[in-house]
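It should be emphasised that the depicted structure is a prediction, and the values quoted were computed from it without experimental measurement. Counting starts at 1 for both ligands and their atoms, following the listed order.
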Amino acid sequence: MEYEIADPARAGEGRGRTEWAAAEMPVLTAIRRRFARQKPLLNQRVSACLHVTTETANLMLALKEGGAKVALCASNPLSTQDDVAAHLVKHHGISVFATHGASRRRYYEHIHKALAVKPTITMDDGCDLVATLAGMKARHYAQVLAGTEETTTGVIRLRAMEAQSKLPYPMFAVNDAMTKHFFDNRYGTGQSTIDGIVRATNILLAGKTFVVAGYGWCGRGLAMRARGMGAEVVVTEVEPLPALEAKMDGFRVMPMIDAARIGDIFVTLTGCRDVIRAEHFRVMKDGAIVANSGHFDVEIDTGALKKLAKKRRKVRENVEEFVLARGKRIRLLAQGRLVNLAAAEGHPAAVMDMSFANQALTLEYIAKQRHPLETRVHPVPKKIDAEVARLKLSAMGVHLDKLTPAQKAYLGSFESGT
Ligand code: ADE
């Protein structure tokens, strides 16, 4: 079995933390038990490019118990938890190609190594694996039945590939399942971004002006949590609808150039590039903290920050201080990479439970298909979404009302009005 990890000796640590996460993942655990009995993934080979975390480890174990041969590589060089990689390799014989802090070259080497299993199904978080395969000759992916994509940015890239007729095989937008983005993007990113900022800086959020760039599901979650910590939250947007929603949710909404003058902490979650750039750094206050929680490290123009800086130094783990003209200091967290995964542990297990339940059930759905799927971006089947919601509610001990026959009839009728 091939693998490339940082330190096999950390497997014990990885086991303890993975089991800790499993206790918060009842839906995935139930699926894993069923998979162990029914083996729905027998004969499937899965190449997965995901954040190598305790939650992902539990997903990999579910797939393996379902009968799949799995190879895992990282979807971000800074999110890899080396103890988890060691645990999967040493205790479960799963091929992992991931080391924390890998260079860009090694990151792509790892993707190529994970592809060496000749996958029948691929899993992506950010679309780097699919984009790599799409750049190769068709014989390298002819055997792939379909793939899944975990995140908003990845789905945007897939749709761009689809629009240019460059999608290599059918893909499922797991991100777009309700039981994924309503919860993972909102509560997961919201909490873990605060967690990353606080772990990196140990600052008090109460009384600070906290600027959230982008009011998608992740931005909504972060704005809500920052407000809960006592910060005054400012939202920046380019789209009228989310901007209006932010305003009516009670946040101040303004262009970044205005927010830049008053903010203490800035977080980008837009999926776009250059959201914070030279003109913004120039007007920021001394001591401003800048972080990104969007998928790629392009949202903050770190190149511009480096150019503006007279000096730079590491002041704490995951905090780099840039000294600009007149001694003004700007603090960049986690090199502008995903702060929630680089400086903390990503989304908590209880929310990844639903995201990864969607992933596991979608893989089962792909494996079950008798006929080839159409090469396009597919939604996760509604039945899967509903099943994940049902299982999660049941695990949380939440019971619902049932419609009476009269209520059912009423909802199916149009006759009764004013
Ligand atoms: N994406 C965000 N948080 C994550 C986590 N904890 N594990 C895997 N992928 C993630």
Checklist entry - So which residues, sorted by chain and number, lie with a heavy atom under 4.0 Å of ligand 1? => result His51, Thr53, Glu55, Thr56, Leu341, Glu345, Gly346, His347, Met352, Phe356

Next on the checklist: Contact between Lys113 and Cys73 at the side-chain level, heavy atoms closer than 4.5 Å - yes or no?
Outcome noted: no

Next on the checklist: Do the side chains of Glu320 and Lys306 get close enough for a salt bridge, i.e. N-O under 4.0 angstrom?
Outcome noted: no

Donor-acceptor pairs under 3.5 angstrom involving side-chain atoms of residues 59-66: please list them, not counting sequence neighbours.
{"from": "Lys64", "atom 1": "NZ", "to": "His92", "atom 2": "O", "distance (Å)": "2.7"}
{"from": "Glu65", "atom 1": "OE2", "to": "Arg32", "atom 2": "NE", "distance (Å)": "3.1"}
{"from": "Glu65", "atom 1": "OE2", "to": "Arg32", "atom 2": "NH2", "distance (Å)": "3.0"}

When the side chains of residues 160-168 are checked against the rest of the protein, which donor-acceptor pairs come out under 3.5 Å, sequence neighbours left out?
{"from": "Glu162", "atom 1": "OE2", "to": "Val377", "atom 2": "N", "distance (Å)": "3.0"}
{"from": "Gln164", "atom 1": "OE1", "to": "Lys166", "atom 2": "NZ", "distance (Å)": "3.4"}

Next on the checklist: Between Asp286 and Lys328 (salt bridge meaning N to carboxylate O under 4.0 Å), is one present in this structure?
Outcome noted: no

Checklist entry - Taking only residues two or more places apart in sequence, or in another chain, which ones meet Arg186 in a salt bridge (charged side-chain N to carboxylate O under 4.0 Å, His left out)? => result none

